[in-house]
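Position 1 is the first residue of the sequence, and the numbers go up from there.
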Amino acid sequence: MPDHFIITDFNRLKAQQHKEVLERSNPNWKADTLNKAIGTLSAVFTHAIWQYELSMMNPWAGLKDVVADRQDDRRSFTPAELTRYVEELDRLNTEARLIGLLMVHTGCRTMECAGLTHGDLQMQNNTPHLQLRPNHIRLLKNKQSKRDVPLIDKALDELRPYLAQRNSDDPKTPVFPRYGRDGGIDAVSQLLNGVIRKRLKIDDPTLVSYSTRHTMKDKMRTIRATAELQHSILGHGKRTDADNYGEGELLRYLLDELVKADALTEWGN
């Protein structure tokens, strides 16, 4: 795709051709990865079509590959595996380590943590939290992913010293500049997966760094968090009942659930 083009000149044939280029250029990509790339482009076009009231169809619509049922594609960490994983994160560079720890403590996606800007960190709030919104580094998976996720003390204790050394007055500055760039999220994902494969010596392909998200879901079920509070933390589904809370009140409830989850030594897996 050229760096500059007139959006109304970009049709479905050109979108299909670009998809084929992506496939040839990235032979190791799985269907999910290709779909994410197409989804990002589709979101950009959707916004432009709406913003400028263009009379055109989104050329990326329907171009995603069909993916088989992925229910068993990833599993959660066992308690012993998660303990070892967190210990091994200490051997990574500071930014990768913090991204990995934030994923463990919040259940957030890799791109959500690696793509944080200083404006996304609400550290002065009565309940410090991540304010997850689309930014110039990365979009979010869907509209349900727009949410506020509290930070437990363990996460704050790790994050505050790091931020003190890298204070920025620009809210658009990446929190993790090493990975808050093109290709950076894939790079840190591979690095975190390498901890599992090389250091934990676990070859099970269903256990990946993203499994911290599945682990948090299991923990939420174990502590019997309501579906609405689970959705508010993980960015899933409808949050109708959670909408009845005041903003500060909801954050405190979510923080209580995350503290309970962190205290668990056993969960269903």
Is there side-chain contact between [X] and [Y], with heavy atoms separated by less than 4.5 Å?
X: Arg160; Y: Pro128; value: yes
X: Arg221; Y: Trp267; value: no
X: Leu163; Y: Val175; value: yes
X: Arg75; Y: Glu81; value: yes
X: Tyr85; Y: Thr212; value: yes
X: Met103; Y: Thr110; value: yes
X: His105; Y: Cys113; value: no
X: Asp153; Y: Asp262; value: no

Which residues end up grouped with Tyr210 if you chain together Ile, Leu, Val, Met, Phe, Trp and Tyr wherever their side-chain heavy atoms are less than 4.5 Å apart?
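Members besides Tyr210, by chain and number: Val208.
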Apply the hydrophobic cluster definition, ILVMFWY joined by side-chain contacts under 4.5 Å directly or through others, and give me every member besides Ile185.
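The other cluster members (ILVMFWY side chains, heavy atoms under 4.5 Å, direct or chained) are Met111.
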Counting distance only, does the side-chain N/O of [X] pair as donor-acceptor with the main-chain N or O of [Y] below 3.5 Å?
X: Ser76; Y: His214; answer: yes
X: Asn135; Y: Gly115; answer: yes
X: His136; Y: Lys172; answer: yes
X: Asn58; Y: Phe45; answer: no
X: Arg213; Y: Thr106; answer: no
X: Asp120; Y: Leu130; answer: no
X: Thr117; Y: Pro171; answer: yes
X: Arg12; Y: Pro59; answer: yes

When clusters are formed by joining ILVMFWY residues with side-chain heavy atoms under 4.5 Å apart, either directly or through shared neighbours, do Leu102 and Leu132 land in the same one?
yes
Trace of the salt bridge (Lys or Arg N to Asp or Glu O under 4.0 Å) decision for Lys260 with Glu257:
CA-CA 5 Å; Lys260 292 176 193 174; Glu257 300 305 284; 3.2 Å; yes
Report yes or no: do Ser189 and Asp186 form a side-chain donor-acceptor pair below 3.5 Å?
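Looking only at side-chain atoms, Asp186 and Ser189 do not form any donor-acceptor pair under 3.5 Å.
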Can you see which heavy atom on Leu89 is nearest to which on Gly100, and at what distance?
CD1-C, 3.8 Å
What are the two closest non-hydrogen atoms of Glu95 and Tyr162, and how far apart are they?
CG-OH, 3.5 Å
Give the C-alpha distance, both sets of side-chain angles, the deciding distance and a yes or no for side chain to side chain donor-acceptor pair (under 3.5 Å) between Thr206 and Asp204.
CA-CA 5 Å; Thr206 66; Asp204 181 354; 2.7 Å; yes
Arg147 and Glu112 ion-paired at < 4.0 Å:
yes
